[in-house]
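Per chain, numbering begins at 1; letters A, B, ... match sequence-line order. What's counted below: heavy atoms across the whole structure, side chains too, no hydrogens, waters or symmetry copies. Please read all numbers here as calculations on a predicted model, not as lab measurements.
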Protein chains: 2
Amino acid sequence: MAPPDTRTQILDAAEHLFAERGFRGTSVRAITDLAKVNLAAVGYHFGSKAELMAAVARRVVAPINAAQSAGLDRLLARTSEPTVAELVEAFAGPMFDGMRAGDENGARTSRLIVTIICDPAKEARSWTGPAESEIRGRFQTAFQRALPHLTEGELWFRIRGILAVAAVDRIEVYNQPGSAGHSTPGGEAARSWAITFLAAAMSAPPTPS
Amino acid sequence: MAPPDTRTQILDAAEHLFAERGFRGTSVRAITDLAKVNLAAVGYHFGSKAELMAAVARRVVAPINAAQSAGLDRLLARTSEPTVAELVEAFAGPMFDGMRAGDENGARTSRLIVTIICDPAKEARSWTGPAESEIRGRFQTAFQRALPHLTEGELWFRIRGILAVAAVDRIEVYNQPGSAGHSTPGGEAARSWAITFLAAAMSAPPTPS
DNA sequence: CCCTCATTCATACGTTCGTTTGAATCATAC
DNA sequence: GTATGATTCAAACGAACGTATGAATGAGGG
């Protein structure tokens, strides 16, 4: 009953290729070639290419969502109110975990998230499931309490800013490797840099009308 | 010699569809159908689908690059050193211009830029040409002077953060329209919100080692 | 041993894709 | 009017795509 190997081999290969060339840019044949399984195995185990993508997305996003949720729970269980910096850490931090310096796999994971978020297809919206937006809503109310002077619109804008920085930050590095001698920042540094950057951004005073 | 009409009709239709469905998600036939021109016109006027995309990208990015360059020139021509906020305004501001509130075309433009930046294909890197990275380099040295305490790596990370926010900020709005009653921010508000957000982020103290 | 059921396999189907072709059409200059 | 060069057109090309099919294969229980 338990999947022997083929299923995860397909998931691994699909994650690799989807991250590197996007959903539409990756053919089922390329996946099965890389996974060294038969072409029809995708249809057998997942039903269709889109459902395979959904499975890949779930596998990647699930631990991030879990870490975000746990982090927020921990902050809310305390007696003192969480600070903006703590909320940023709990929200953005997990997106950088699992992609430590030199971890090629981590870079791919990050790239895959970008692919999912940026994909213009409507199907892409159903890849990650509703858990993600639910967690986002919980963080929104937490941020709202920590930043009561912000309008809902501007707060929402800033939360999207966090997502943007967390998702896109590796694109440039990935796309033009070793371009102008910019040493690729390890995931280690990227994580703390992002927290600094985003905590300051979130704490900014509201924009005058 | 001057292109009569077909050429720009194709460019308009291609800009529309590339922004909405991405490069790979848009077929040449869909473009020529929308433009109401013959299928072969793309090959005749542009050579290939990829070269058409490059033309579309150039047409969209050129005015942004020009505005960025002019803004930086204006700041550097003054006697006083430009502030971080001024540099952010000059760098990020033009990315939000031309997409004022209710301007459907502006939202598409923004969406197209995201498509270009996020596209995983290697060809996408040649779509905008070298002008963009050259301007980015000029801003980098200007930021370096305004933020002398930042390491080159962290500064580079923050500049990428600006690009991320400017590029991705409209994705969510575009993808789940009227999701949870979040009033879509007009381009007007988004522009000033982004400047506030990014100026604070850029001005953050350096991350401790 | 053989039946069963899950999995793997080679192969094919129908569609859509980007691109090409060669004739038809048009404007313009002689 | 007719020749010329640029443009538009209908049609087709081969390739690659996602998916479906039915036979082969393998392991485990009767």
Side-chain angles (χ1 to χ4, degrees), chain A residues 1-58 112 115-116 119-127, chain B residues 1-58 112 115-116 119-127:
Chain A
M1 191 85 230
D5 214 12
T6 327
R7 207 186 143 89
T8 54
Q9 266 179 289
I10 294 176
L11 278 173
D12 290 341
E15 180 176 324
H16 189 133
L17 292 175
F18 282 150
E20 214 159 68
R21 318 186 205 176
F23 178 68
R24 295 201 127 103
T26 303
S27 69
V28 176
R29 284 169 175 83
I31 295 171
T32 54
D33 283 0
L34 180 61
K36 279 195 255 298
V37 301
N38 188 270
L39 170 61
V42 166
Y44 177 77
H45 287 282
F46 298 94
S48 70
K49 181 188 176 186
E51 291 173 276
L52 169 59
M53 173 50 124
V56 170
R58 272 194 302 272
L112 176 64
T115 290
I116 294 171
D119 196 291
K122 318 115 212 63
E123 0 171 75
R125 236 42 52 198
S126 64
W127 285 343
Chain B
M1 195 76 230
D5 212 15
T6 327
R7 208 187 144 89
T8 53
Q9 265 180 288
I10 294 175
L11 279 173
D12 289 341
E15 182 177 321
H16 188 133
L17 292 175
F18 282 150
E20 215 159 68
R21 319 188 208 178
F23 177 68
R24 292 202 132 104
T26 303
S27 69
V28 176
R29 283 170 175 83
I31 295 171
T32 55
D33 283 358
L34 180 61
K36 278 195 258 294
V37 301
N38 189 271
L39 169 63
V42 165
Y44 178 76
H45 285 284
F46 298 95
S48 72
K49 181 189 177 184
E51 292 173 276
L52 168 60
M53 174 50 127
V56 170
R58 271 194 302 272
L112 176 65
T115 290
I116 294 171
D119 196 289
K122 318 113 211 63
E123 3 172 71
R125 238 39 54 198
S126 63
W127 286 342

Taking salt bridge (charged side-chain N to carboxylate O under 4.0 Å, His left out) as the test, write out the residues that go with A:Asp33, two or more places apart. none
Does some side-chain heavy atom of B:Leu52 sit less than 4.5 Å from a side-chain heavy atom of B:Ile10? yes
Side chain to side chain donor-acceptor pair (under 3.5 Å) against A:Ser27, all qualifying residues, sequence neighbours excluded: none
Using a heavy-atom cut-off of under 4.0 Å over every strand shown, decide if A:Thr32 touches base, sugar-phosphate, or nothing. nothing
Without decimals, in angstroms, what is the distance between [X] [atom1] and [N] [atom2]?
X       : N      : atom1 : atom2 : result
B:Leu52 : C:dC17 : CG    : P     : 15 Å
B:Arg24 : C:dG18 : CZ    : P     : 10 Å
A:Phe18 : D:dG18 : CZ    : C1'   : 12 Å
A:Asp33 : D:dC17 : CG    : C1'   : 13 Å
B:Ile10 : D:dC9  : CD1   : P     : 10 Å
A:Gln9  : C:dT7  : CD    : C1'   : 14 Å
A:Tyr44 : C:dC5  : OH    : P     : 13 Å
B:Lys36 : D:dA10 : NZ    : P     : 15 Å

OP1 or OP2 of [N] less than 4.0 angstrom from a side-chain nitrogen or oxygen of [X], does that happen here?
X       : N      : result
B:Ser27 : C:dT16 : no
B:Thr6  : D:dT7  : no
A:His45 : C:dA6  : no

B:Phe18: ring pair (Phe, Tyr, Trp, His ring centres under 6.0 Å) partners, not counting sequence neighbours: B:Phe23
Check: [Y] main-chain N/O paired with [X] side-chain donor or acceptor under 3.5 Å:
X       : Y       : result
B:Lys49 : B:Val42 : no
A:Glu15 : A:Val56 : no
B:Arg7  : B:His45 : yes

Holding to side chain to side chain contact (heavy atoms under 4.5 Å, CB included), I want the full list of residues that pass it with B:Ala40, two or more places apart in sequence or in another chain. B:Asn38
Mark up nucleotides 19-25 of chain D, 5' to 3', with B wherever a protein heavy atom is under 4.0 angstrom from a base atom, S wherever such an atom reaches only the sugar-phosphate, and - elsewhere. BBB----
Check whether the side chains of A:Ser48 and A:Glu51 place a donor and an acceptor atom closer than 3.5 Å, and report yes or no. yes
Under a cut-off of 3.5 Å for both distances of each Watson-Crick or G-U pair, what dot-bracket string does DNA chain C give, using [ ] for crossing pairs and | for inter-strand pairs? |..|||||||||||||||||||||||||||
